[in-house]
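The structure appears right after this line, and notes come after that.
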Amino acid sequence: MKAFLLYPDRDFDPTLLLSRRERGLRNQEKELARELEQLLPWNYVALCQDLELKVLLNTMARDNGFLLEAAMVGLLKGVTDPGVIAYRQEVMRDCLKFAAVVRQIYEIAIQALKGQRERHWSIMSRYPEGTLHQAVDVLGVFVASLKRLRAVADQNIDSFKSRGFSRLFAMLQAELSDDYFALIDQHLKRLKFNSGILVSAQLGRGNKGTNYVLRRPHHKRGWLARLLPQSEGYTFHLHPRDEAGAQALGTLRDRGVNLVANAMAQSMDHISSFFQMLRTELAFYIACLNLHEHLQKLGAPVCFPDPTNLGQDVLSFAGLYDVALAISKNATVVGNDLNGDGKNFIVVTGANTGGKSTFMRSLGQAQLMMQAGMFVPANDFSAEVRSALVTHYKREEDATMESGKLDEELSRMNEIVERLQPGSMLLMNESFAATNEREGSEIATQITTALMEKGIKICYVTHLYHFAHRLHRKSLPNVAFLRAERRPDGSRTFKLIEAGPLQTSYGEDLYRQVFGQEEAEKSESQKIALVR
């Protein structure tokens, strides 16, 4: 049985997201982190830091470690096939419409796996008979959970419209028929051996037993049959204190049930893997439900994006906002609009504290959420899929003083360039501002020009006026210029408008906010006096 909720033609490997307890990795945090890193992009730490994804992921997880892992892998390891994205969007729409049912299915999977853990026999499972009894015990729990899943499928198959859930429910109905459950119950009851174990064997070389076969137990005889004379058989009674005889008898029993024990253990593992797979794939959607419910309480809008194939240079949106900022402020925040179709380079300039970095974060968050198959924080959003998303943001000064800020920026850019794939998207926030205007502009020009020639889409927030102005004068059709809006009185709207760069970032506005209007006017008077 397959879940097929994340991909239309394959499963997500559930063993990648098993909890530490289930994998026996107690107190091995480094090993767990190393395994998780293999699933995530090489730059996932920078993405989480630059785009403030921890706020988003914690809201999705709600303090649940397994949901956090599922959200991280789902969000950071997106897909590049618009068809798979559309498939997940269908499933997501069903999840949003029937959230209670989806949470019920998820809880059934959790309880089934919990029942398996509670019935783990660490000592007895080393012996065939112990393995058999454990498998029968666990399968009893699994069958009860499968019956609950079948009931959910019967009740909701006509309501869910996505291909993922429709196929899952149809599979549950086809594979888990009433006759199947009746047969399973009959076998489980028989394998408890309430009337003892019946084993046949043959004598081999040296009078050693061979060809051990577990037989179906005889039917219980009624009271009338017991009164009739019986043909005598050979019987051996074991003395209660005969330990060697008990061990020999146990060996005979293990040989008899060995094949059945292996078959039952395989059946248990098969059904267990289905529940693990179901829980893992649903965990991502449950995390998305948590986020959606939180944004609904804030009154923040979301929409399902329209993904297009790589190479079409599509990027347009309305009301795009920073979801992490909305969660942190516990309120709706200002969104931005853009029609950037045909553009592969977006240059953002303008006043300080005008919303430039916030816009950059919102763009990166939306791109990741779209390629994960999620809804995005906007009224409308359309973009092409990108092979990877990479960020190059300014960092704090090196506390060890081993290198300067410019050296550190160039070193990180070198690492990015070595790992960039064709079709990637690069978000640059005030890169190369650690040096003078002229040198920084030259570095920015050479790097961005080379990257665009290789098909890298760039969004660059910068205060390098010479770089932005030189680019603006060329009037290139593939470059869009946005500027943080500033009113005449110095107030910010935190919206971006399509406009070219200005030579000032209005640093005096910040000075006025910090020191007050009177100090600002005094400073201006002193500046005029010095000029005279």
Side-chain angles (χ1 to χ4, degrees), residues 33 36-37 40-58 72 75-76 322-325 327-328 345-368 386 388-421 424-452 456-468 482 484 496 501 505 507 510 514:
L36 185 60
E37 286 178 0
L40 301 176
W42 65 271
N43 61 327
Y44 81 96
V45 175
L47 285 175
C48 290
Q49 177 181 346
D50 297 335
L51 303 181
E52 295 189 6
L53 297 182
K54 288 185 178 180
V55 176
L56 179 63
L57 292 169
N58 288 335
M72 286 183 66
L75 181 64
L76 294 171
D322 182 353
V323 64
L325 181 62
I327 294 171
S328 299
F345 192 9
I346 301 173
V347 181
V348 184
T349 61
N352 290 302
T353 66
K356 303 186 298 298
S357 298
T358 301
F359 164 75
M360 179 85 82
R361 285 195 301 270
S362 68
L363 181 59
Q365 293 164 2
Q367 188 74 27
L368 288 175
R386 309 301 300 188
L389 179 66
V390 185
T391 58
H392 186 272
Y393 279 41
K394 64 178 182 179
R395 295 284 185 258
E396 297 297 328
E397 193 78 47
D398 181 12
T400 63
M401 299 300 291
E402 293 180 358
S403 63
K405 290 191 67 173
L406 181 60
D407 289 339
E408 186 275 335
E409 285 190 275
L410 291 174
S411 176
R412 277 192 293 119
M413 180 56 73
N414 182 64
E415 181 184 14
I416 289 173
V417 170
E418 289 180 348
R419 294 175 177 267
L420 271 183
Q421 308 170 18
S424 296
M425 185 175 187
L426 175 61
L427 305 181
M428 304 172 66
N429 190 3
E430 298 188 29
S431 299
F432 315 120
T435 184
N436 60 69
E437 171 82 13
R438 180 178 178 181
E439 186 178 30
S441 296
E442 184 62 28
I443 294 173
T445 298
Q446 292 188 23
I447 289 179
T448 55
T449 300
L451 291 177
M452 281 192 296
I456 307 300
K457 191 165 193 168
I458 304 173
C459 182
Y460 196 165
V461 170
T462 182
H463 288 297
L464 298 174
Y465 172 73
H466 291 292
F467 161 71
L482 301 178
L496 301 184
S505 295
L510 295 178
V514 175

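Since this is a predicted model, take the numbers as computed values, not measurements.
By the 4.5 Å heavy-atom criterion applied to side chains, Tyr393 and Gln49 are not counted as neighbours. Between Met425 and Leu363 there is a side-chain heavy-atom pair separated by less than 4.5 Å. Contact annotation: the side chain of Ile456 never approaches that of Phe345 to less than 4.5 Å [non-hydrogen atoms, C-beta and beyond]. The side-chain heavy atoms of Phe359 and Cys459, taken from C-beta on, include a pair separated by under 4.5 Å. Looking at heavy atoms from C-beta onward, Leu47 lies out of side-chain contact with Leu40 at the 4.5 angstrom threshold. Side chains of Leu389 and Leu51 form a contact here, defined as non-hydrogen atoms less than 4.5 Å apart. Using a 4.5 Å heavy-atom cutoff, the side chains of Ile447 and Met413 are in contact. Taking 4.5 Å as the limit, every side-chain heavy atom of Arg438 sits out of range of all side-chain heavy atoms of His466.
Counting only distance, with no hydrogens or angles, the side chain of Gln365 and the backbone of Val323 share a donor-acceptor pair below 3.5 Å. Checked by atom type and distance alone, the side chain of Glu437 pairs as donor or acceptor with a backbone atom of Tyr465 at under 3.5 Å. Using a distance-only test at 3.5 Å, with no hydrogens or angles considered, no donor-acceptor pair links the side chain of Ser411 to the main chain of Asp407. For Lys356 (side chain) and Ala351 (main-chain N/O), a donor-acceptor pair under 3.5 Å exists by modelled atom type.
A side chain to side chain contact (heavy atoms under 4.5 Å, CB included) with Val390 is found for one member of Asp50, Val417, Leu426, Leu427 and no other, namely Leu426.
Glu408 has a carboxylate O that lies under 4.0 Å from a charged side-chain N of Arg412, or vice versa, which qualifies the two as a salt bridge.
Of all heavy-atom pairs spanning Thr435 and Gly440, the tightest one is CG2-N, 3.4 Å. In terms of heavy atoms, Glu409 sits closest to Phe432 at OE2-N, 2.7 Å. Looking at every heavy atom in both residues, Thr448 comes nearest to Ala444 through OG1-O, 2.7 Å. The two residues Asn429 and Ser357 have their closest heavy-atom pair at ND2-OG, 3.1 Å. The shortest heavy-atom contact between Ala484 and Gly354 is CB-O, 3.8 Å. Contact record, Thr349 with Ala468: CG2-CB, 4.0 Å, taken as the closest heavy-atom pair.
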Check the pair His463 / Asn352 against side-chain contact (heavy atoms from CB on, under 4.5 Å), numbers first and verdict last. CA-CA 9 Å; His463 288 297; Asn352 290 302; 3.3 Å; yes

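Centroid-to-centroid, the aromatic rings of Tyr460 and Phe467 come within less than 6.0 Å.
Put simply, CG on Leu53 and CG on Asn58 are 10.5 Å apart, with the number rounded to the nearest 0.5 Å. Distance CE/Met428 to OG1/Thr462: 8.5 Å, rounded to 0.5 Å. Interatomic distance, SG of Cys48 versus CG of Leu76, reported as 5.0 Å (0.5 Å rounding). Summarising the geometry, atom CG belonging to Leu410 is positioned 7.5 Å from atom NE2 belonging to His392; distances are rounded to the nearest 0.5 Å. One finds the CD atom of Glu439 at 6.0 Å from the CG atom of Leu406 (value rounded to the nearest 0.5 Å). Note that CD1 of Ile346 and CE of Met360 are 9.0 Å apart. Values are rounded to the nearest 0.5 Å.
Of the N and O atoms on the side chains of Thr358 and Asp322, not one donor lies less than 3.5 Å from an acceptor on the other residue.
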